[in-house]
Visitor: 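One structure is given below, represented as structure tokens, and several questions about it will come after.
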Number of protein chains: 2
Amino acid sequence: MNSQKSPQTVRNREETRRRLIQAVGALLSEHGFTALGVNAVARQAGVDKVLIYRYFGGLSGLMAAFGREGDFWPSMDELAGGDIEAFAQLPLEEKVAQFAYHFVDAIQRRPLTQEIMAWEMVERNDLTVELETIRETMMLRFIEMFFPEMQPRIDMQALSAIFGAAISYLVCRSRHIRYYSGVDLQSDAGWERLKKAMELIVRGIMAQLN
Amino acid sequence: MNSQKSPQTVRNREETRRRLIQAVGALLSEHGFTALGVNAVARQAGVDKVLIYRYFGGLSGLMAAFGREGDFWPSMDELAGGDIEAFAQLPLEEKVAQFAYHFVDAIQRRPLTQEIMAWEMVERNDLTVELETIRETMMLRFIEMFFPEMQPRIDMQALSAIFGAAISYLVCRSRHIRYYSGVDLQSDAGWERLKKAMELIVRGIMAQLN
DNA sequence: TATTGTTGTCACTCGATAGTGACAATAGAT
DNA sequence: ATCTATTGTCACTATCGAGTGACAACAATA
């Protein structure tokens with residue numbers, strides 16, 4: 001449960017800072033944000049808690065630092081499936097569907113992000129604000145880059161808000177419940193159903209473009 | 001901040017139970033579930049905390065009791081817009097759209113439900129389980145009742161999972177952030193955009209039925 | 001080697017929490 | 001009026017959290 005504090009071999013400010021930042025990530029993914037506190041982080045890092053105040057000005061500053069270092073949001077590249085060039089060539093319908101799929105995978109692959117997204121539901125703090133900012137700019141840039149032609153006719157922002165919200169919610173919920181509206185969120189089969197439904201939606205929207 | 005404890009005028013077990021249950025609701029909607037504890041609830045109810053143990057066996061039991069009394073999920077009737085008969089007569093497309101709208105309104109009208117939904121993201125307890133159960137049966141019954149004819153051709157469960165998830169997420173998030181994917185979640189205009197997008201989706205799906 | 005600023009440890013205060021045992025006040029019966 | 005079970009109050013323990021001040025260990029200088 002508690003990591004014994006292997007007393008610092010060397011005295012090194014940077015190393016200690018890193019250990020603290022890393023401890024935040026470890027605690028978050030192992031025990032969730034409710035377990036996050038000055039004492040717990042220090043214990044996990046094997047370091048005295050006073051150093052959190054000295055080096056980061058408190059837990060809040062430490063979380064901000066953690067936020068700056070993390071990889072808890074997919075890049076444009078990842079959302080495009082790895083090859084932006086190729087993605088740009090896809091037909092519109094395919095682009096939207098691929099985007100949704102990659103988004104599902106990206107979130108499912110990041111338990112830490114799921115945890116922070118759960119946190120976002122509860123309060124705002126330096127970490128959630130960081131995630132908010134990254135996400136917001138990323139989403140808008142993505143839309144602007146790949147779906148400019150649709151913008152006047154279709155409200156891509158609202159559409160991707162709905163998709164993003166649905167996916168975020170369902171992935172997050174899948175951590176604690178199994179069935180939502182009769183769909184098994186903890187099985188691949190369930191997610192296949194959801195993907196099929198998303199495809200259906202995308203096809204329907206595209207049909208209205210003509 | 002703290003409600004002074006107006007010392008019990010009458011000694012009455014039932015009355016005290018009610019005060020405690022009510023205090024849970026008050027605390028939840030005013031300060032969120034993080035503020036919920038034996039001490040806080042007792043203080044809010046103006047009653048000694050030992051009575052929570054005596055009458056409910058602990059906070060968990062009290063929350064279960066609270067869950068049983070609450071009106072934190074819309075009824076079939078409410079989701080149908082008040083008149084189930086009339087709703088059943090609507091064309092398919094209209095039914096789905098109306099359902100989504102009513103769902104948005106129903107959730108927005110229930111801050112307590114929003115709070116519990118946020119809680120659901122974080123942990124399972126007697127209260128969130130209660131809400132889960134109600135929701136799950138309600139959603140399935142609703143689909144079964146009003147969209148039986150679509151079932152084989154279109155996965156209504158998956159579709160309503162997506163709609164329900166998106167709406168739940170966006171309403172919950174609107175409590176702490178303003179913009180999501182460029183949409184203003186705290187303005188009527190923003191929600192109009194979202195409703196329009198949902199309409200678009202519904203129309204597109206229906207078009208594929210023919 | 002002696003000095004000085006940095007890095008880290010320790011021990012403490014203060015406040016809040018969950019849970020419990022002893023006791024006082026009261027209602028409803030006899 | 002008296003007794004008794006119920007209802008409610010109070011005081012207490014034990015535990016945990018954030019935050020702070022004093023001090024020890026150390027590294028890099030002079």
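Worth saying up front: this structure is predicted, and the values here are computed from it rather than measured. Convention: sequence-line order gives letters A, B, ...; per-chain numbering from 1.
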Visitor: Report the residues that fulfil salt bridge (Lys or Arg N to Asp or Glu O under 4.0 Å) with E130(B), sequence neighbours left out, ordered by chain and then residue number.
Guide: none
Visitor: Can you name the residues that form a ring pair (Phe, Tyr, Trp, His ring centres under 6.0 Å) with F147(A), not counting sequence neighbours?
Guide: none
Visitor: When you look at CD of Q22(B), are more than 12 heavy atoms from neighbouring residues, nucleotides or ligands closer to it than 6.0 Å?
Guide: no
Visitor: Using nucleotides 24-28 of chain D, report all nitrogen or oxygen pairs with the protein that are shorter than 3.5 Å.
Guide:
unit_1	atom_1	unit_2	atom_2	d
dA25(D)	N3	R11(A)	NH1	2.9

Visitor: Please report the distance, rounded to the nearest Å, between CZ in R13(B) and C1' in dA5(D).
Guide: 12 Å
Visitor: Could you give all pairs that pass the salt bridge (Lys or Arg N to Asp or Glu O under 4.0 Å) test and reach residues 50-76 of chain B, with sequence neighbours left out?
Guide: D71(B)-R110(B)
Visitor: Kindly say if T16(B) contacts the phosphate of dG8(D), meaning a side-chain N or O under 4.0 Å from OP1 or OP2.
Guide: yes
Visitor: What is the distance from CZ of F56(A) to P of dG19(D), rounded to the nearest Å?
Guide: 15 Å
Visitor: Let me spell it out: for each of Y55(B) and R54(A), pick the nucleotide of DNA chain D with the closest heavy atom. Which residue's pick is nearer the 5' end?
Guide: Y55(B)
Visitor: Does a side chain donor of either Q157(A) or Y180(B) reach within less than 3.5 Å of an acceptor in the other side chain?
Guide: no
Visitor: Without decimals, in angstroms, what is the distance between H31(B) NE2 and dT17(C) P?
Guide: 12 Å
Visitor: Whole Å only: how far is the CZ atom of R19(B) from the P atom of dT7(D)?
Guide: 15 Å
Visitor: Calculate the interatomic distance between I52(A) atom CD1 and dG8(C) atom C1'; express it in whole Å.
Guide: 13 Å
Visitor: Without decimals, in angstroms, what is the distance between N12(B) CG and dG28(C) C1'?
Guide: 14 Å
Visitor: For V50(A), enumerate each residue passing the side-chain contact (heavy atoms from CB on, under 4.5 Å) test, keeping only those at least two apart in sequence or located in another chain.
Guide: D48(A)
Visitor: Pull out every protein N or O sitting under 3.5 Å from an N or O of nucleotides 18-21 of chain C, one pair per line with the distance.
Guide:
unit_1	atom_1	unit_2	atom_2	d
dA18(C)	OP1	V38(B)	N	3.0
dA18(C)	OP2	V38(B)	N	3.2
dA18(C)	OP2	N39(B)	N	2.9
dA18(C)	OP2	N39(B)	ND2	2.9
dA18(C)	N7	K49(B)	NZ	3.3
dG19(C)	OP2	Y53(B)	OH	2.7
dG19(C)	O5'	Y53(B)	OH	3.3
dG19(C)	N7	K49(B)	NZ	3.0
dG19(C)	O6	K49(B)	NZ	2.7

Visitor: Roughly how many Å is it from CD in E14(B) to P in dT6(D), rounded to a whole number?
Guide: 14 Å
Visitor: I need the full list of ring-ring contact (aromatic ring centres under 6.0 Å, His included) pairs touching residues 43-70 of chain B, with sequence neighbours left out, sorted by first then second residue.
Guide: F66(B)-F72(B)
Visitor: Pairs in or reaching into residues 103-136 of chain B: which pass ring-ring contact (aromatic ring centres under 6.0 Å, His included), with residues at least two apart or in two chains?
Guide: F33(B)-W119(B), W73(B)-F103(B)
Visitor: D155(A): what forms a salt bridge (Lys or Arg N to Asp or Glu O under 4.0 Å) with it, not counting sequence neighbours?
Guide: R193(B)
Visitor: Starting at atom CG of L20(A), determine the distance to atom P of dT9(C), rounded to an integer number of angstrom.
Guide: 11 Å
